[in-house]
Chemist: 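To start, I am sharing the structure in question, which I have written as structure tokens.
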Amino acid sequence: MPPRTRASRFECTACGHAAAKWVGRCPECGGWGTVEEAPDLRAATRGARAGVPPSPAGRPVSPVRLISDVSLETATARPTGVSELDRVLGGGLVPGVVVLLAGEPGVGKSTLLLEVAACRARAGATVLYVTGEESAGQVRLRAERTGALAPHLFLSATADLEEVAAHVEAVDPELVVVDSVQTVGTATAEGTPGGVSQVRAVTSALVALAKQRDVPVVLIGHVTKDGAVAGPRTLEHLVDVVLSFEGERHSPLRLVRGLKNRFGATDEVGCFEMNDTGIAEVTDPSGLFTGGLTRTVAGQAVTVAMEGKRPLMAEVQALVATRTSESPPRRVVSDLDAGRVAKILAVLQERCGMRLHDRDVFVATVGGMRLREPAADLAVAIAIASAFRGEAVRSGLIAVGEVGLAGEVRRVVALERRLAEGGRLGISRALVPPGSVRSPKGLTAVEVDDLRGALVRVGLSGEI
């Protein structure tokens, strides 16, 4: 148990809950081993003003104005030069906005923001890139490799908040990027960089700096093993925008999702692709998730998933294999909800007469896309049935619908946009739930009441 000092208290590093004494489990979030000793917050409060000129005593109170008299110029978004990021931000960066981009190590956060900084610098804006994790030489090498060298792009390799504030004062940038907020520390707050008090003090100071100078500040943040933003929960409340940068190490696909946005919607998704020369935008990502719409292979089905407001074509593949030993049958699921796949297997066996209980079943998506929504149920069922029968489904077909325990096919949200995406990509036929919307021109929507009827439509019916 950590020793307790007179000027200290204890806080949870996951949720920021304050406790009078040390406990093994946080009473607020239930996390084990997350409660650590934290100093008195009065020091952190003083540190929150580090690098920001103090307000003179007796400053007059700002006048009250009619809301119609407030100028919209200060809330007008300016494009970053990366359209996929602008889509998630709601048009670009608003003056004085503080953005937190969080993601796992190595996913490409620094590469993306270095590209954003270079785009703004090429457009004539002065940009300051602060790196607390890497040396200036390492950042220069990355910029050389990804083509991010640009005029008006300044680099500061420091992890001291006071130095960051001094560099902002000297350069007077129009955009500041801090990589990362967990590595920057200040002498006016107790603890080590990355601790609760230090992260809160540094973030508060950078927020005050952004609001005072009307300069956008983008912070890179780490995530925990559970995928949550590292640091106190108040970190997400201090900033204006929280973005999540997702991606698998073995897949080139990267997704930027909006978790919080005071200036736009939070249901937009930006798509990127990592390559040898850096990161590139993917304005039409459906091709990444399908192995070819004209190829017909047993165990393949295509659906249209919704990532925020964006419809994306996705391919599901299945393999049903005969067991070669007396071991229990295997159920291997990749990038799909294992619980939903187990439910579909049970429905196929009990409602459609397919003996799957003694077979090994493998189900996965193509391109590393994660399908968690119920709308993919029908495509998963068709892929498994196709693999079980060894017969391919005719090309040019998509399946959209939720499968219930009784085998019925239920309606899903945004079906009109899903069908429009299929029609745009040349899909000629779609299996949809009953009572669906009118199909777009060139696409025939076939309504199916249940899973057995859907299998009849694609020629995979019959008990075996």
Side-chain angles (χ1 to χ4, degrees), residues 49-53 74 76-82 85-86 89 92-103 108-187 193 199 201-222 239-241 243 245 277-279:
R49 301 185 178 91
V52 180
T74 58
T76 301
R78 293 167 174 78
T80 63
V82 180
L85 183 61
D86 291 339
L89 290 172
L93 294 171
V94 176
V97 67
V98 180
V99 180
L100 175 64
L101 178 67
K109 303 182 298 296
S110 301
T111 303
L112 173 61
L113 291 188
L114 186 59
E115 178 65 24
V116 171
C119 288
R120 288 294 300 271
R122 293 190 193 103
T126 302
V127 182
L128 176 63
Y129 190 98
V130 179
T131 172
E133 295 185 340
E134 300 176 295
S135 66
Q138 289 175 310
V139 178
R140 167 61 194 266
L141 284 176
R142 182 191 294 117
E144 191 81 32
R145 176 174 58 87
T146 62
L149 295 177
H152 311 293
L153 176 55
F154 293 85
L155 179 62
S156 171
T158 180
D160 185 81
L161 178 62
E162 285 69 24
E163 289 187 17
V164 173
H167 294 164
V168 171
E169 184 70 28
V171 175
D172 191 22
E174 298 174 55
L175 172 64
V176 178
V177 178
V178 179
D179 182 11
S180 66
V181 67
Q182 277 90 2
T183 60
V184 179
T186 175
V199 171
V202 169
T203 305
S204 298
L206 293 174
V207 169
L209 188 66
K211 305 304 181 186
Q212 184 194 44
R213 303 182 68 93
D214 279 338
V215 56
V217 176
V218 183
L219 310 176
I220 292 179
H222 299 160
V239 300
D240 302 304
V241 181
L243 304 179
F245 198 38
T277 59
I279 191 167

Chemist: What pairs with E134 under salt bridge (Lys or Arg N to Asp or Glu O under 4.0 Å), at least two apart in sequence or on another chain?
Modeler: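 For E134 the salt bridge (Lys or Arg N to Asp or Glu O under 4.0 Å) partners, ignoring immediate neighbours, are R142.
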Chemist: Take R120 and L93, measure what side-chain contact (heavy atoms from CB on, under 4.5 Å) needs, and give me the verdict at the end.
Modeler: CA-CA 11 Å; R120 288 294 300 271; L93 294 171; 4.0 Å; yes
Chemist: Show the nearest heavy-atom pair for residues A118 and A148, with the distance to one decimal.
Modeler: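 Shortest heavy-atom contact: CB-O, 3.3 Å.
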Chemist: Would you mind checking if D240 and K211 are paired as a salt bridge, meaning a charged N to carboxylate O distance below 4.0 Å?
Modeler: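 So K211 pairs with D240 through a salt bridge.
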Chemist: Measuring from atom CZ of R145 to atom OG1 of T277, what distance do you get when rounded to the nearest 0.5 angstrom?
Modeler: 8.0 Å
Chemist: If I compare all heavy atoms of V202 with all of L161, which pair ends up nearest, and what's the gap?
Modeler: CA-CD2, 4.1 Å
Chemist: Check whether any side-chain heavy atom of H167 lies under 4.5 Å from a side-chain heavy atom of L128, and answer yes or no.
Modeler: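 Answer yes - side chains close enough.
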Chemist: What are the two closest non-hydrogen atoms of V217 and L206, and how far apart are they?
Modeler: CG2-O, 4.4 Å
Chemist: So, do L155 and T131 sit near enough that their side-chain heavy atoms are less than 4.5 Å apart?
Modeler: yes
Chemist: Taking the side chain as every heavy atom from C-beta outward, state whether V239 and T203 have any atom pair closer than 4.5 Å.
Modeler: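 Side-chain contact under 4.5 Å: yes.
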Chemist: Are a donor atom and an acceptor atom from the side chains of E115 and T146 found within less than 3.5 Å of each other?
Modeler: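 Note: E115 and T146 side chains miss the donor-acceptor criterion.
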Chemist: Quick check: does any side chain N or O of R78 sit under 3.5 Å from a backbone N or O of T76, one acting as donor and the other as acceptor?
Modeler: yes
Chemist: Could you tell me whether the side chain of Q138 and the main chain of S135 form a donor-acceptor pair under 3.5 Å?
Modeler: yes
Chemist: For the residue pair P151 and A121, what are the closest heavy atoms and their distance?
Modeler: O-CB, 3.0 Å
Chemist: Indicate yes or no: at least one non-hydrogen side-chain atom of V218 is less than 4.5 angstrom from one of L175.
Modeler: yes
Chemist: For the OG1 atom of T126 and the CG atom of L153, what is their distance to the nearest 0.5 Å?
Modeler: 10.0 Å
Chemist: Do S110 and Y129 have side chains that approach each other closer than 4.5 Å (heavy atoms only, starting at C-beta)?
Modeler: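 In short, these two side chains touch, coming nearer than 4.5 Å.
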Chemist: Looking at side-chain heavy atoms only, is the closest gap between L85 and V116 below 4.5 Å?
Modeler: yes
Chemist: Can you list the steps and then say if L209 with V168 is a side-chain contact (heavy atoms from CB on, under 4.5 Å)?
Modeler: CA-CA 9 Å; L209 188 66; V168 171; 4.1 Å; yes
Chemist: So does T80 get a backbone contact from the side chain of D86, meaning a donor-acceptor N/O pair under 3.5 Å?
Modeler: yes
Chemist: Before you tell me yes or no, could you show the steps for V99 and L243 under side-chain contact (heavy atoms from CB on, under 4.5 Å), namely the whole-Å CA-CA distance, both residues' side-chain angles and the distance that decides it to 0.1 Å?
Modeler: CA-CA 7 Å; V99 180; L243 304 179; 4.0 Å; yes
Chemist: Will you find, in the side chains of E133 and H222, an N or O donor that is under 3.5 Å from an N or O acceptor?
Modeler: yes
Chemist: Could you tell me if the side chain of V176 sits less than 4.5 Å from the side chain of P216, heavy atoms only?
Modeler: no
Chemist: Would you check if the side chain of T183 reaches a backbone N or O of S180 as a donor-acceptor pair within less than 3.5 Å?
Modeler: yes
Chemist: Which heavy atom of L149 sits nearest a heavy atom of E144, and at what distance?
Modeler: CD1-OE1, 3.1 Å
Chemist: Which heavy-atom pair separates T158 from V130 by the least distance, and what is that distance?
Modeler: O-CG1, 3.9 Å
Chemist: Please report the C-alpha distance between F245 and L112 in whole Å, then the side-chain angles of each, then the deciding distance to 0.1 Å, and finally whether the side-chain contact (heavy atoms from CB on, under 4.5 Å) criterion is met.
Modeler: CA-CA 10 Å; F245 198 38; L112 173 61; 4.0 Å; yes
Chemist: Do V178 and V184 come close enough that some side-chain heavy atom pair is under 4.5 Å?
Modeler: yes
Chemist: Do any pairs count as a salt bridge (Lys or Arg N to Asp or Glu O under 4.0 Å) and have a residue in residues 172-183, sequence neighbours left out, and if so which ones?
Modeler: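 Counting only pairs at least two positions apart or across chains, the salt bridge (Lys or Arg N to Asp or Glu O under 4.0 Å) contacts touching residues 172-183 are D172-R213.
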Chemist: Could you give the distance from CG (L113) to SG (C119), rounded to the nearest 0.5 Å?
Modeler: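 So the gap between those two atoms works out to 11.5 Å.
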Chemist: Can you check whether G103's main-chain N or O pairs, donor with acceptor, with K109's side chain at less than 3.5 Å?
Modeler: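 Yes, because the side chain of K109 sits within donor-acceptor range (under 3.5 Å) of the backbone of G103.
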